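Remember, it's a predicted structure, so these values are computed and weren't measured experimentally.
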Amino acid sequence: MQLKAVFVRRIIIISRVLDFCRRTFGGKATKANNQKTKAAGKVQQAPRPAPGASLLPAVQRLSRDQHAISRKDISPNALKVLYRLKDAGFDAYLVGGCIRDLLLGLKPKDFDVVTNAKPEQVKQVFRNCRLIGRRFRLAHVVFGREVIEVATFRGHHSGADDEADTAPKLKTASLSDHGQILRDNVYGTIEEDAERRDFTVNALYYSVNDFCVYDFANGMQAIAARKIELIGDPETRYREDPVRILRAIRFATKLNMQIAPASAEPIAQLAVLLKNIPPPRLFDELVKLLLAGKAFDNFMLMRDSKVLKQLLPQLDKLLKQEPEGKAFQLATKALQNTDERVEADKPVTPAFIFAALLWYPVELRSQMLITDGLSEIDAMNIAMTEVLDDIQRTIAIPKRFTLSMRDIWALQSRLTKRAGRRAFKLLEQPKFRGAFDFLQLRAEAEGGSLVELALWWERFQFADETDRLQLINQLGKEGIDKGPRRRRSYKRKPTAE
């Protein structure tokens with residue numbers, strides 16, 4: 001019995017060894033068979049570039065006398081980050097938009113740093129550092145109100161399948177079925193990082209070691225030609241991150257450039273991929289498009305490139321029915337007004353812009369509900385809720401803005417009822433000024449009786465008490481709520497017998 005038990009144990013050990021050998025040495029053959037099976041299916045992936053192959057031309061090094069960037073134009077805090085990383089033994093560069101803007105003579109909004117240090121190593125160098133992000137792991141070095149973003153050189157990812165086979169424990173990248181990058185913490189060299197940049201004008205690096213600018217993708221040539229051009233195959237790059245569609249539009253209007261034909265062609269077809277982007281991120285990107293002083297230009301470019309349909313489908317539907325109708329007039333006037341306020345350094349809010357963009361979908365739905373027999377107030381409340389709930393599936397507008405939008409919309413009907421003390425009470429409303437500005441834009445878009453109503457409220461605001469009473473008295477029957485009044489029911493008194 002003992003010999004039999006020993007024999008059985010040996011057989012088990014031998015079978016485990018053979019199984020290990022099959023899994024270890026048969027992996028490549030299995031992988032090849034799997035690839036053949038996938039190739040035979042209906043869906044085939046585009047061939048990937050061979051390892052080491054680069055889409056970029058030879059790097060161009062511009063010495064100090066060949067570019068106009070000076071350290072006096074760079075944030076002192078960004079310089080601190082560069083020098084401290086250098087002293088710690090790491091390579092560090094200013095990269096992207098700040099270099100592009102400095103070369104164009106513009107003032108950069110912020111300064112981004114890229115380095116070969118891992119995020120955890122950056123945190124060890126800076127005590128005032130916090131690590132953020134899941135999709136891209138980043139380090140934020142905080143200097144009071146200024147934040148210097150530090151990213152590690154990004155490397156190439158060959159796809160989730162390959163990484164699962166080669167290094168399961170080190171898997172740091174993943175792609176969706178549409179080719180969108182879901183997680184991307186693959187680190188590499190500066191050359192690989194440049195290839196991973198989105199546009200050629202953003203693949204520019206500035207070093208404090210030699211004060212040179214390194215151009216990896218003919219970015220200087222693109223700046224001279226005033227073109228926004230994607231690095232690599234445009235369709236692949238848009239699929240990796242569909243938000244690049246919005247970034248291409250924003251950069252084109254901001255820098256007064258044109259999107260290169262090859263980069264512009266796939267936008268209309270691939271704009272539908274924006275539906276795969278989380279709604280909060282889409283809201284942030286749309287706010288950048290609408291509050292940067294180029295709202296009108298961005299709106300028109302989004303409309304022409306079929307992008308607006310994916311972001312604001314309710315408005316796009318109305319614009320298709322009446323391309324130059326009142327919905328278009330109100331939207332464009334609100335956006336032009338916003339651009340003027342940004343230019344004059346006056347405050348702007350997303351609530352007012354989105355209220356203008358979605359007003360006519362709300363009004364249309366409200367009128368349909370009134371036709372069905374609901375009261376004006378109930379119809380408006382239901383319409384506002386339905387439109388906002390629908391748009392939240394695409395763009396996650398924060399509650400602090402949707403509440404302001406509701407106030408502006410609800411006050412529009414109340415502004416028509418001015419008799420008695422109503423006008424005085426409306427002036428005390430916190431959102432009166434926004435509602436009045438909104439009424440003025442509606443008057444410009446629609447004309448008719450709204451022009452007279454807006455003019456009346458403008459006079460009423462700046463009149464003294466006596467003049468205000470006179471304005472109300474001059475209304476006569478106007479401004480009185482003509483809605484049906486509820487009749488009182490009186491009980492008949494019992495007659496004495």
Q. Are Thr394 and Gln310 close enough, and set up right, to give a side-chain hydrogen bond (donor to acceptor under 3.5 Å, both in side chains), and what steps lead you there?
A. CA-CA 8 Å; Thr394 306; Gln310 309 304 327; over 6 Å; no
Q: May I ask you to decide if Leu204's main-chain N or O and Asp215's side chain share a donor-acceptor pair within less than 3.5 Å?
A: no
Q.
For the OH atom of Tyr238 and the CG atom of Asp198, what is their distance to the nearest 0.5 Å?
A. 9.5 Å
(Q) Does Asn218 form a side-chain hydrogen bond (donor to acceptor under 3.5 Å, both in side chains) with Gln60? I'd like the steps, not just the answer. (A) CA-CA 8 Å; Asn218 291 330; Gln60 299 180 29; 2.9 Å; yes
(Q) Could you measure the distance from the CZ atom of Arg239 to the CG atom of Asn276? Nearest 0.5 Å is fine. (A) 10.0 Å
Q | Lys/Arg N to Asp/Glu carboxylate O, Asp284 vs Lys288, below 4.0 Å | A | no
Q | Ion pair check, Asp210 and Arg61, cut-off under 4.0 Å | A | yes
Q.
Regarding Gln258 and Arg226, do their side chains bring together a donor and an acceptor under 3.5 Å, going by distance alone?
A. no
(Q) Please report the interatomic distance OG1(Thr332) to CG(Asn337), rounded to the nearest 0.5 Å. (A) 11.0 Å
Q: Look at the aromatic rings of Phe299 and Phe328 and report parallel, tilted or perpendicular, splitting at 30° and 60°.
A: tilted
Q: Determine whether Gln412 and Trp359 make a side-chain contact, defined as any pair of heavy atoms from C-beta on separated by less than 4.5 Å.
A: yes
Q. Judged by modelled atom types alone, do Glu191 and Tyr214 share a side-chain donor-acceptor pair under 3.5 Å?
A. no
**Q.** Intermediate values then yes/no, side-chain hydrogen bond (donor to acceptor under 3.5 Å, both in side chains), Gln66 and Ser63
**A.** CA-CA 5 Å; Gln66 293 178 304; Ser63 60; 3.1 Å; yes
Q) With respect to Phe153, which candidate in Thr189, Val95, Asn116 satisfies the side chain to side chain contact (heavy atoms under 4.5 Å, CB included) definition? A) Asn116
Q) Is the number of heavy atoms from other residues, nucleotides or ligands under 6.0 Å of Glu324 CD greater than 12? A) yes
**Q.** Approximate separation, where rounding is to 0.5 Å, of Thr253 OG1 and Leu255 CG
**A.** 8.0 Å
Q. Is the CD atom of Gln269 crowded by more than 12 outside heavy atoms at less than 6.0 Å?
A. no
Q) Quick one: does NZ or CZ of Arg244 land under 6.0 Å from the six-membered ring centre of Phe251, within 45 degrees of the ring axis? A) no
Q. Arg393 side chain to Pro279 main-chain N or O, any donor-acceptor pair under 3.5 Å?
A. no
Q. With distance as the sole test, does Asn298 use its side chain to make a donor-acceptor pair with the main-chain N or O of Leu289 at under 3.5 Å?
A. yes
Q: Inspect the contact between Arg237 and Asp233 and indicate whether a charged nitrogen and a carboxylate oxygen are less than 4.0 angstrom apart.
A: no
Q. Between Phe401 and Phe354, does the ring centre distance come in under 6.0 Å?
A. no
Q) For Asp65, does the CG atom sit with more than 12 other heavy atoms under 6.0 Å from it, leaving out its own atoms? A) yes
Q. Can a salt bridge be assigned to the pair Lys254 and Asp101 using a cut-off of 4.0 Å between side-chain N and carboxylate O?
A. yes
Q. Taking everything shown except Gln121 itself, do over 12 heavy atoms lie less than 6.0 Å from its CD?
A. yes
Q.
Classify the ring geometry of Tyr206 against Phe211: parallel below 30°, tilted from 30° to 60°, perpendicular beyond 60°.
A. tilted
Q. Heavy-atom count around Lys123 NZ within 6.0 Å, excluding the residue itself: above 12?
A. yes
Q | Tyr187-Asp193 side chain donor-acceptor pair, cut-off 3.5 Å | A | no
(Q) Check this for me, if you would: do Arg281 and Asp241 make a salt bridge, where the nitrogen-to-carboxylate-oxygen distance has to be below 4.0 angstrom? (A) yes
Q. Going by an N to O cut-off under 4.0 Å, is there a salt bridge joining Arg154 and Glu192?
A. no
Q: For residues Ile74 and Leu94, determine if any side-chain heavy atom of one lies less than 4.5 Å from a side-chain heavy atom of the other.
A: yes
Q. Is Lys326 paired with Glu322 through a side-chain N to carboxylate O contact shorter than 4.0 Å?
A. no
Q) Would one find more than 12 heavy atoms of other residues, nucleotides or ligands at under 6.0 Å from atom CD of Gln392? A) yes
Q.
Quick check on Gln336: does its CD atom have over 12 non-hydrogen neighbours (other residues, nucleotides or ligands) under 6.0 Å away?
A. yes
